2 protein chains.
Amino acid sequence: MKSATLLSFTEENYLKAIYSLTQKHGSPETSTSHIAEQLSTKPSTVTDMLRKLADKKLIAYEKYRKIELTKSGKQLAILVIRKHRLWEVFLHEKLQFGWDEVHEIAEQLEHIQSEELITRLERFLGFPKFDPHGDPIPSANGELHAGQRITLSDVQINKSCEVVGVNDSSAVFLKYLQQVDIGIGTKIKVLEKISFDGSMAISLPRKVSISVSKKFADNLMVIL
Amino acid sequence: MKSATLLSFTEENYLKAIYSLTQKHGSPETSTSHIAEQLSTKPSTVTDMLRKLADKKLIAYEKYRKIELTKSGKQLAILVIRKHRLWEVFLHEKLQFGWDEVHEIAEQLEHIQSEELITRLERFLGFPKFDPHGDPIPSANGELHAGQRITLSDVQINKSCEVVGVNDSSAVFLKYLQQVDIGIGTKIKVLEKISFDGSMAISLPRKVSISVSKKFADNLMVIL
DNA sequence: CATAATTATTAGGCTCGTCTAAAAATATAT
DNA sequence: ATATATTTTTAGACGAGCCTAATAATTATG
Ligand SMILES: [Mn+2]
Ligand SMILES: [Mn+2]
Ligand SMILES: [Mn+2]
Ligand SMILES: [Mn+2]
């Protein structure tokens, strides 16, 4: 279960990016250009790294054809995500950082190498199950319970739901949520859906109803 | 007061190494070979970096002649040390790591870039004044109070003193101290000094007296 | 003070992660 | 089915950080 060779920051970020993309798009495969976009780098740079990750058996790679995490590649990606989310909990719960501030710092902390550190951090935090954005925290052996979360867009008219997370963790989206007083646990009822542009009218506790865009509703995760 | 260009891990480690060497040897200057040894690298590699640090005005460098931190170089070195020691406190106090385990992990954590993170960490820890090895924690504006600490070697026969820190933070020394039950706060009385090899006999609370080497006594910091 | 020993710098080369420009493969559209 | 557009890979280059071997400068010694 020990990874023989330690990975660089960069390699870890590639694994995480590939994992995120496969999750986001349903398919276990992804593309050079998507990875490049995700990491703000160039496709040619990605191709170089893909060859290296393939050499290390972290991805199954057939040029022009297939990019897919191997079992161990996926495992490592999940462990980085585990570290990232535990650090986010620490920053939010213990240091009182806002949920729009934690991601950037966790992006650095996730690469600290010490299994013992994460074991102890997790215990110190009381074995949290979710990060400040509602995303589940993988267990030490790499298990991740996705839950049956849907987007606000998928909620039918007149149904109520509860916010459990966000798809987009960018500070700009999180700040907007804060502004309209939506957070993890907020109850939302869908009043109306406009087929023209996918926008919807929703009601919030102790507030007049507000209108939100399709993009907004696509990025808010809820349970019924 | 803001550093214009962010430094790399490597650059930060060089500044810290130069600072430590000047402290250890009294003089504000140090040498290429000492830096190389401190960082487990080669003198030629050090020369390259010295040129870079000089370009950035972090050291005053005259080849074959002088290596000395500038005001801003020293300031940055102290801020890295501040981060290092605060993280060590966190690891020891909050995560219950042993004092021989914290250094290695702090060596990584000290490079996380976020001033706000350190500000909040310091508050979370209750504004500690010393790290787990008894070393003082610099303030946010870079002040460092050394205190009037001496080594055990400097203590006269029949005088008593109290352990306040160590000069050598290696795990092997710290584990040895733990074994003979010496830690921060331990009271020691010097019974005898052997001029032949500099070793000394000391008495410890609720223990028979033990003999320690010159090297041991040189690395244990005490106050009278 | 001249020679030897030590220390520091330069020269040249390597890997990693990045880029731009060009070529090749694949996908799309007429 | 061919031509066009898009995506991906290759070729070649660069800076950072490291190395070894060779050279230069300084320091120590007889
Ligand atoms: Mn995040
Ligand atoms: Mn990252
Ligand atoms: Mn330390
Ligand atoms: Mn370091």
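All values below come from the heavy atoms of this structure, side chains included, with hydrogens, waters and symmetry mates left out. If you're wondering where the values come from, they're calculated on a predicted model, not measured in any experiment. In what follows, every chain begins at residue 1, and chains take the letters A, B, ... in the order their sequences are listed.
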What residues in residues 53-70 of chain A put a non-hydrogen atom under 4.0 Å from any atom of DNA chain C?
-> A:Tyr64, A:Arg65

If the plane angle is over 60° it's perpendicular, under 30° parallel, otherwise tilted; pick one for B:Phe124 and A:Phe124.
-> perpendicular

Using the test ring pair (Phe, Tyr, Trp, His ring centres under 6.0 Å), find all partners of B:Tyr14 that sit at least two apart in sequence or belong to another chain.
-> none

Specify the residues of residues 42-50 of chain A, ordered by number, for which at least one heavy atom lies under 4.0 angstrom from an atom of DNA chain C.
-> A:Lys42, A:Ser44, A:Thr45, A:Asp48, A:Met49

Under 3.5 Å, which donor-acceptor pairs link side chains of residues 55-66 of chain B to any protein atom two or more places apart or in another chain?
| residue | atom | partner | partner atom | Å |
| --- | --- | --- | --- | --- |
| B:Lys56 | NZ | B:Glu11 | OE1 | 3.4 |
| B:Lys56 | NZ | B:Glu11 | OE2 | 2.8 |

For A:Asp48, all residues meeting side-chain contact (heavy atoms from CB on, under 4.5 Å), sequence neighbours excluded = A:Arg51

Specify the separation, in whole Å, of atom CG of B:Asn13 and atom P of D:dA16.
-> 17 Å

According to the side chain to side chain donor-acceptor pair (under 3.5 Å) rule, which pairs have a member within residues 79-99 of chain B, sequence neighbours left out?
-> B:Arg82-B:Glu122, B:His84-B:Glu88, B:His84-B:His103, B:His84-B:Glu110, B:Glu88-B:His103, B:Glu88-B:His133

Pairs meeting criterion salt bridge (charged side-chain N to carboxylate O under 4.0 Å, His left out) with involvement of residues 144-157 of chain B, two or more places apart | B:Asp135-B:Arg149

Which residues satisfy the salt bridge (Lys or Arg N to Asp or Glu O under 4.0 Å) test with A:Lys175, sequence neighbours excluded?
-> A:Asp100

Under 4.0 Å from any atom of DNA chain D, heavy atoms only: list the residues of residues 16-35 of chain B that qualify, in numerical order.
-> none

A:Glu11 CD to C:dT15 C1', straight-line distance once rounded to whole Å = 12 Å

How many Å lie between CD on B:Glu12 and P on D:dA16, as a whole number?
-> 16 Å

Under the side-chain contact (heavy atoms from CB on, under 4.5 Å) rule, collect the residues that match up with A:Pro43, sequence neighbours excluded.
-> A:Thr32, A:Ala36

List for me each residue that meets side chain to side chain donor-acceptor pair (under 3.5 Å) alongside B:Ser31, sequence neighbours excluded, and say none if there are none.
-> B:Ser33, B:His34

Contact class for B:Phe9 vs. all strands (heavy atom < 4.0 Å): base, sugar-phosphate, or nothing?
-> nothing

List the steps, then state whether side-chain contact (heavy atoms from CB on, under 4.5 Å) holds for B:Ile35 with B:Leu21.
-> CA-CA 8 Å; B:Ile35 298 169; B:Leu21 289 168; 3.9 Å; yes

B:Phe173: ring pair (Phe, Tyr, Trp, His ring centres under 6.0 Å) partners, not counting sequence neighbours = B:Phe216

Counting just side-chain N and O atoms, does A:Thr41 come under 4.0 Å of either OP1 or OP2 of C:dC19?
-> yes

